[in-house]
Novice: 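Got a structure for you, questions after.
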2 protein chains.
Amino acid sequence: MSKKVSMAVIRRLPKYHRYLADLLDKEIYRISSKELSEIIGFTASQIRQDLNNFGGFGQQGYGYNVEELYNELSKILGLDKSYNTIIMGAGNLGQAIANYGGFRKSGFKVKALFDVNPRMIGLKMRDLEVLDAEDVEKYIKEEDIEIAVICTPKDRAQETADKLIAAGIKGIWNFAPTDITVPSDVKVEEVNLSESLYVLSYMLNEGNLNK
Amino acid sequence: MSKKVSMAVIRRLPKYHRYLADLLDKEIYRISSKELSEIIGFTASQIRQDLNNFGGFGQQGYGYNVEELYNELSKILGLDKSYNTIIMGAGNLGQAIANYGGFRKSGFKVKALFDVNPRMIGLKMRDLEVLDAEDVEKYIKEEDIEIAVICTPKDRAQETADKLIAAGIKGIWNFAPTDITVPSDVKVEEVNLSESLYVLSYMLNEGNLNK
DNA sequence: TAGATTGTTAATCGATTAACAATC
DNA sequence: TAGATTGTTAATCGATTAACAATC
């Protein structure tokens, strides 16, 4: 196994994957790094460097076979599997994620929502039930849950993570506006929407900074 | 005006802002870059470098005044103002964003949701009305809207952006799972949730890649 | 004053881009 | 074969870290 691939590269992989899917939709089956660079906005050099972290998928004089590269990227991203998923916190955001069909299509299957609020517990949202957060450890083990999405308020995020990890969860998608601390074998992807919005706000005001 | 600050620095600013708010909550009024580095997980050197892009906010032998630094960061991030905001697309995600109180608290005021679906138009969600997306240009001008959030499906994102920009919008927060193209005076912050989830999926499978 | 800690310059590290031999 | 385009090495660029004089 070769040297660890940098996060900068990894964060570009989903974008390659998406643009290749678009090409397939348009029935384009062959592409050079130069052509791809014009569509996706990275340099051709970067594209070739990025891909070569994982293997030589192209062919000199020809370029890349779109379908083959798409399939390779699917494998690299782990999208050739499916993942049982639960959502902690059945508020607006939890519901929105539960109802987004795109994730299911990519193999992320939301099995249940969990909440601490007695008024929510037992409710059905489309075909999903809201279960008692008390019972989550048992559920994770019995239903073979691999990914948990944290949509709780900020102050309940860490304790929720701890409980999930104790039950064996190895992947957490955290939407609570706080950083959570986990052991190194647990992977966390943080989505901090406030931080994202603040970056937009920064950009809108950049010119006005009196430096 | 000094040299443009890099995106790497800018994306760390909201995190400083958040951790300083936590310190104020805990009634801690003074902090050195070293102490902050232990809490936030960046090096002390990086913290000093980052902040010095915007001014010398510290004091030798003392450190930083938490409240002062927090206020300076608020100004840098444009959080000392408020922004009239609209949401394009009144689906699950649009509603979730509309209902999240945190944004309002930071000065981002959602004034209305817009949708193309006749069944949605006219509905009230809490205190917000769903308006006809046809009327958005007029609304933007009359109500002085500065920021628009795109929560439409992928295939309607670009045309929506074009319409918003024609009406004078300068800031777009894009949740549609596609990149939108805008003139250089318009700022876009992309939030691609699928890409984020795929990165998590990658990390969960990293060990299994047969390289 | 002595100690602490900044602001800032210099050194290092890593990521991106350029170049080109290999080869389809 | 000739042309095209990769895979990969080398060069450049930018970001992070280290070091330390300035100074509170």
Side-chain angles (χ1 to χ4, degrees), chain A residues 1-16 19-20 23 28-73 76 199 202 209 211, chain B residues 1-16 19-20 23 28-73 76 199 202 209 211:
Chain A
M1 181 170 143
S2 42
K3 190 165 111 281
K4 205 173 179 317
V5 179
S6 82
M7 262 296 161
V9 175
I10 293 161
R11 294 208 171 273
R12 283 191 293 268
L13 298 178
K15 197 157 278 196
Y16 293 124
Y19 276 89
L20 288 163
L23 289 171
I28 295 168
Y29 297 111
R30 169 186 165 175
I31 196 155
S32 69
S33 58
K34 176 142 182 297
E35 291 165 324
L36 189 54
S37 87
E38 280 153 16
I39 305 172
I40 205 169
F42 307 148
T43 64
S45 200
Q46 179 163 70
I47 293 169
R48 295 201 302 279
Q49 288 274 24
D50 283 355
L51 298 177
N52 275 90
N53 280 291
F54 302 97
F57 304 128
Q59 198 164 88
Q60 283 98 329
Y62 175 91
Y64 298 86
N65 177 301
V66 176
E67 193 166 13
E68 189 198 316
L69 186 54
Y70 174 81
N71 289 333
E72 289 291 348
L73 279 164
I76 293 165
V199 170
Y202 172 91
L209 290 174
K211 303 196 267 173
Chain B
M1 182 170 141
S2 42
K3 188 162 116 281
K4 206 173 177 320
V5 179
S6 82
M7 260 299 162
V9 174
I10 293 161
R11 294 207 170 273
R12 283 192 293 269
L13 297 178
K15 199 157 278 200
Y16 292 124
Y19 277 88
L20 288 164
L23 289 171
I28 295 168
Y29 298 111
R30 170 185 164 176
I31 196 154
S32 69
S33 57
K34 177 143 181 297
E35 291 165 323
L36 189 54
S37 86
E38 280 152 15
I39 305 173
I40 204 169
F42 308 147
T43 64
S45 200
Q46 180 164 70
I47 293 169
R48 295 202 301 278
Q49 288 274 24
D50 283 355
L51 298 176
N52 275 91
N53 280 291
F54 302 97
F57 303 128
Q59 199 164 86
Q60 283 98 330
Y62 176 91
Y64 298 86
N65 177 302
V66 176
E67 192 167 14
E68 189 197 314
L69 185 54
Y70 175 80
N71 289 334
E72 290 289 349
L73 279 164
I76 292 165
V199 170
Y202 172 91
L209 290 174
K211 301 198 265 177

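Just so it is clear, the structure is predicted and the values come from calculations on it, not from any experiment. Numbers restart at 1 for each chain; the letters A, B, ... are given by sequence-line order, proteins then strands.
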Novice: Applying side chain to side chain contact (heavy atoms under 4.5 Å, CB included) to B:Leu69 and B:Ile31, what does each step give before you reach the verdict?
Specialist: CA-CA 10 Å; B:Leu69 185 54; B:Ile31 196 154; 5.6 Å; no

Novice: Between C:dA4 atom P and B:Arg30 atom CZ, what is the distance in whole Å?
Specialist: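 Rounded to whole Å, this separation is 11 Å.
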
Novice: Using whole Å, what does the distance between atom P of nucleotide C:dA4 and atom CD1 of B:Ile31 come to?
Specialist: 17 Å

Novice: Pair A:Val5, A:Leu13 - check side chain to side chain contact (heavy atoms under 4.5 Å, CB included), show working.
Specialist: CA-CA 11 Å; A:Val5 179; A:Leu13 298 178; 5.9 Å; no

Novice: What is the separation between atom CG on A:Asn52 and atom C1' on C:dA15, rounded to the nearest whole Å?
Specialist: 16 Å

Novice: Is there a side-chain contact between B:Leu36 and B:Tyr64 (heavy atoms, below 4.5 Å)?
Specialist: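 Answer no - side chains too far apart.
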
Novice: Would you mind reading off the distance between B:Phe54 atom CZ and C:dT8 atom P, rounded to a whole angstrom?
Specialist: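 So the two atoms are 14 Å apart, to the nearest Å.
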
Novice: Check nucleotides 16-20 of chain D against the protein and report each pair of N or O atoms closer than 3.5 Å, with its distance, or say if there are none.
Specialist:
from: D:dT16; atom 1: OP1; to: B:Arg12; atom 2: NH1; distance (Å): 3.1
from: D:dT16; atom 1: OP2; to: B:Arg12; atom 2: NH2; distance (Å): 3.1
from: D:dT16; atom 1: O5'; to: B:Gln46; atom 2: NE2; distance (Å): 3.2
from: D:dT17; atom 1: OP2; to: B:Thr43; atom 2: OG1; distance (Å): 3.1
from: D:dT17; atom 1: O4; to: B:Gln49; atom 2: NE2; distance (Å): 2.5
from: D:dA18; atom 1: N7; to: B:Ser45; atom 2: OG; distance (Å): 2.7
from: D:dA18; atom 1: N6; to: B:Ser45; atom 2: OG; distance (Å): 3.4
from: D:dA19; atom 1: N6; to: B:Arg48; atom 2: NH2; distance (Å): 3.1

Novice: Nearest whole Å is fine: how far is D:dC13 P from B:Met7 CE?
Specialist: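 Those two atoms, CE and P, are 22 Å apart.
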
Novice: Determine yes or no for a side-chain-to-main-chain donor-acceptor pair under 3.5 angstrom, with B:Arg30 supplying the side chain and B:Gly63 the backbone.
Specialist: no

Novice: Would you check if B:Tyr202 and A:Ile76 make a side-chain contact, meaning some heavy-atom pair closer than 4.5 Å?
Specialist: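 Yes, their side chains come closer than 4.5 Å.
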
Novice: Within residues 60-68 of chain A, find the residues that approach DNA chain D with a heavy atom at under 4.0 Å, and present them sorted by residue number.
Specialist: A:Gln60, A:Gly61, A:Tyr62, A:Gly63, A:Tyr64

Novice: Hey, where does DNA chain D pair up into stems, meaning at least three consecutive Watson-Crick or G-U pairs with distances under 3.5 Å?
Specialist: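 For DNA chain D the paired stretches long enough to count as stems (3 pairs minimum) are C:3-24 with D:3-24.
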
Novice: State the CZ-OG distance between B:Arg48 and B:Ser37, to the nearest 0.5 angstrom.
Specialist: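 Reported to 0.5 Å precision, the distance equals 9.0 Å.
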
Novice: To the nearest 0.5 angstrom, please state how far the CG atom of B:Leu51 sits from the CD atom of B:Gln46.
Specialist: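 Here the rounded value is 10.0 Å.
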
Novice: Let's go through B:Phe54 and B:Glu72 carefully: what are the C-alpha distance in whole Å and the side-chain angles of both, what is the deciding distance for side chain to side chain contact (heavy atoms under 4.5 Å, CB included) to 0.1 Å, and is it a yes or a no?
Specialist: CA-CA 9 Å; B:Phe54 302 97; B:Glu72 290 289 349; over 6 Å; no

Novice: Report the C-alpha distance between A:Leu73 and A:Tyr70 in whole Å, list the side-chain angles of each, state the deciding distance to 0.1 Å, and finish with yes or no for side chain to side chain contact (heavy atoms under 4.5 Å, CB included).
Specialist: CA-CA 5 Å; A:Leu73 279 164; A:Tyr70 174 81; 5.9 Å; no

Novice: Does B:Asn53 reach the main-chain N or O of B:Asp50 with its side chain, forming a donor-acceptor pair under 3.5 Å?
Specialist: yes

Novice: Can you measure B:Ile10 atom CD1 to D:dA15 atom P for me and round it to whole angstrom units?
Specialist: 10 Å

Novice: CG of A:Leu69 versus C1' of D:dT5: gap in Å, rounded?
Specialist: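 So the two atoms are 15 Å apart, to the nearest Å.
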
Novice: Rounded at 0.5 Å granularity, tell me how far CD in A:Glu38 sits from OG in A:Ser32.
Specialist: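 Going from CD on A:Glu38 over to OG on A:Ser32, the span is 7.5 Å.
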
